[in-house]
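Heads up: the structure comes next, in structure tokens.
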Number of protein chains: 2
Amino acid sequence: MGVGQRGNIVQSLDRALSILEELSRHDSGLGVTDISSVLGLHKSTVYRLLHTLMIRGYVEKIVSTEKYRLGLKIIELGQKRLESTEIRSEARHYLVKLMEETNETVHLCVLDNREVVYIDKVESSNTVRMYSRIGRRAPLYCTGVGKAILAFWPEEEIKKYVKEKGLSRKTDNTITELNQLLKHLEEVRQKGYAVDNEEHDPGIRCVAAPVQDYTGNVVASISVSGPTTRIAEDQVKLLAAKVKKCALNISKQLGYNP
Amino acid sequence: MGVGQRGNIVQSLDRALSILEELSRHDSGLGVTDISSVLGLHKSTVYRLLHTLMIRGYVEKIVSTEKYRLGLKIIELGQKRLESTEIRSEARHYLVKLMEETNETVHLCVLDNREVVYIDKVESSNTVRMYSRIGRRAPLYCTGVGKAILAFWPEEEIKKYVKEKGLSRKTDNTITELNQLLKHLEEVRQKGYAVDNEEHDPGIRCVAAPVQDYTGNVVASISVSGPTTRIAEDQVKLLAAKVKKCALNISKQLGYNP
DNA sequence: CTTTATAGTTTCATAATACGAAACACAGTT
DNA sequence: AACTGTGTTTCGTATTATGAAACTATAAAG
């Protein structure tokens, strides 16, 4: 492979990871030919990679349909990684308390590759289903947890992010203009919390605050989320105070010294 | 690669999966040379595979130590696989009820590669920490959830399992003789439930029952577990009745028709 | 019942890739 | 200043992974 080409990527590993990700998008499984078509790989190549993944337990065949799907080994590694996430165990106690105080769903997110990844979630007994799921990712520009992190980036990095990732509209409320976003993030910085006013999902409001580590860097964020029918705009300030306090407690737990 | 050699395994993929698994055993991360030593691979090979895994998000570097660890992408795939496990969503409601009735921790396991894998867990408010974790595996011969499945295998398959996997002692109570195990499994079959009397962990008792799918095959098991100080031997029968009932409800949910 | 189409699986020649040896860069230790 | 160990890069080539072709199995169509 040309060195300048793919920056020293191991091709067969790269292909196998693409297979795993494609399988992760299809709960009911895929066949060899399906994967071959989607990924533009020869079916004998797909077969051979699947076979290796199967032997190692990362892929399995659904008995009834003979389609391939992710194997249980992936759960094992995923759970191990999740449980070894230090901030998750440090924060858990505070997240549970915040959920009890507010009776709304609480999230903990970390930054990864210019997206937030949900790594903990304490669900309230209220029954409206939240879209968020542990392990999933979400954009920075249109979620509370994302803006709570993005607000503390240097302006040049925010601009670079917007240039490379774009600001695609998710709802009628999504901010899609750079200057409007910058102004908004200035407010987030000043107030110390971010609000997602149905910018990512219609009908869902989220109040979020940044979490800092012992160096003072913003490395995570937490939020309280619920339907706009339960989290009215005039309640945001009260809620924000609670979220900020919780975030500060977690930050201190991580060694942050304000 | 000789066909007879490795049964059509893609070597570089196989190696990369070994790297991922080794990283999963070390919360605080590993260096290139560490991995090279443990896996017997050349350090430039390890470096190249790690680099590809990093680019794809499956491995990341810990900023403070510059060691490598599993990346957050692995959580994403693991959670997606977990959430698409049909039996898990079908069973959840019943597991929660069983926990409320017993106020002990409840597990759901599925069979995979002659081990059980924990795929759900409903923890009671009691504070004794259970060893079990979602995603983790456990042997069949010395856990309640395992024996609840093993009991319904043909005797020849049980013998093959014992021959190939062995019956290594975990506690003073572990059954380590084939004939004793066979006799015990006969009882499990007759009673319809299995008990782990500190066979896997000292001080922990577990009462488990098999879950059948629409074909009648035993595909999973559920259990109630707790310390022997709370689950006395004379309570096992009462508990077993509740566990069996719950398992039957889940089986019916899966289309089992007794 | 026969034929056709499609998906999955296997084989094999070879081009391309991944490998490992060697070298280099850097940081920590002596 | 010299040495040691780890991480990273380069390069020649042996080995591997690839894809084309063929085979097998199953389902669908005529």
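- Every residue was checked against the side-chain hydrogen bond (donor to acceptor under 3.5 Å, both in side chains) condition with A:Arg15, not counting sequence neighbours, and none meets it.
- For the segment residues 34-42 of chain A, the set of residues with a heavy atom within less than 4.0 Å of an atom of DNA chain C is empty.
- Between A:Arg15 and C:dA18 there is no side-chain N or O to OP1 or OP2 distance below 4.0 Å.
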Run the side-chain contact (heavy atoms from CB on, under 4.5 Å) test on B:Val219 and A:Val63 for me, step by step, so that the C-alpha distance in whole Å, both residues' side-chain angles and the decisive distance to 0.1 Å come before the verdict. CA-CA 12 Å; B:Val219 295; A:Val63 171; over 6 Å; no
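- Of the two residues near DNA chain C, A:Leu13 and A:Thr33, the one whose nearest nucleotide lies more 5' is A:Thr33.
- Side-chain atoms of A:Arg136 and A:Ser132 include no donor-acceptor pair closer than 3.5 Å.
- Rounded to whole Å, the distance from CD1 on A:Ile9 to P on D:dA17 is 16 Å.
- A residue-by-residue look at B:Leu49 and B:Lys43 shows that B:Leu49 has its nearest nucleotide of DNA chain C further toward the 5' end.
- Atom CG in A:Asn8 sits about 14 Å away from atom C1' in D:dG7, given to the nearest Å.
- The listed nucleotides are D:dA17, D:dT8, C:dT10; the one nearest the side chain of B:Gln11 is D:dA17.
- Following rounding to the nearest Å, B:Tyr47 (OH) and C:dG20 (P) show an atom-to-atom distance of 17 Å.
- Side-chain atoms of A:Asp14 do not come within 3.5 Å of backbone N or O of A:Gln11 as any donor-acceptor pair.
- Taking B:Glu186 as the reference, B:Arg189, B:Gln190 meet the side-chain hydrogen bond (donor to acceptor under 3.5 Å, both in side chains) condition, with sequence neighbours excluded.
- Evaluation of the ring-ring contact (aromatic ring centres under 6.0 Å, His included) rule for A:Tyr118 yields A:His107 as partners, not counting sequence neighbours.
- An OP1 or OP2 oxygen of C:dG8 is reached within less than 4.0 angstrom by no side-chain nitrogen or oxygen of A:Ser44.
- Against DNA chain D, the stretch residues 57-71 of chain B makes heavy-atom approaches under 4.0 Å through B:Lys61, B:Tyr68.
- Shown here are the side-chain hydrogen bond (donor to acceptor under 3.5 Å, both in side chains) partners of B:Glu86, two or more places apart in sequence or in another chain: there are none.
- Relative orientation of the A:Tyr161 and A:Tyr141 rings is tilted, given thresholds of 30° and 60° on the angle between their planes.
- Using a distance-only test at 3.5 Å, with no hydrogens or angles considered, a donor-acceptor pair links the side chain of A:Ser251 to the main chain of A:Ala247.
- Using a 4.0 Å heavy-atom distance criterion, A:Ser12 is classed as a sugar-phosphate-only contact.
- Closest to the B:Thr45 side chain, of the nucleotides D:dA20, D:dT8, C:dC19, is C:dC19.
- Separating the CZ atom of A:Arg48 from the C1' atom of C:dA7 is a distance of 17 Å, rounded to the nearest angstrom.
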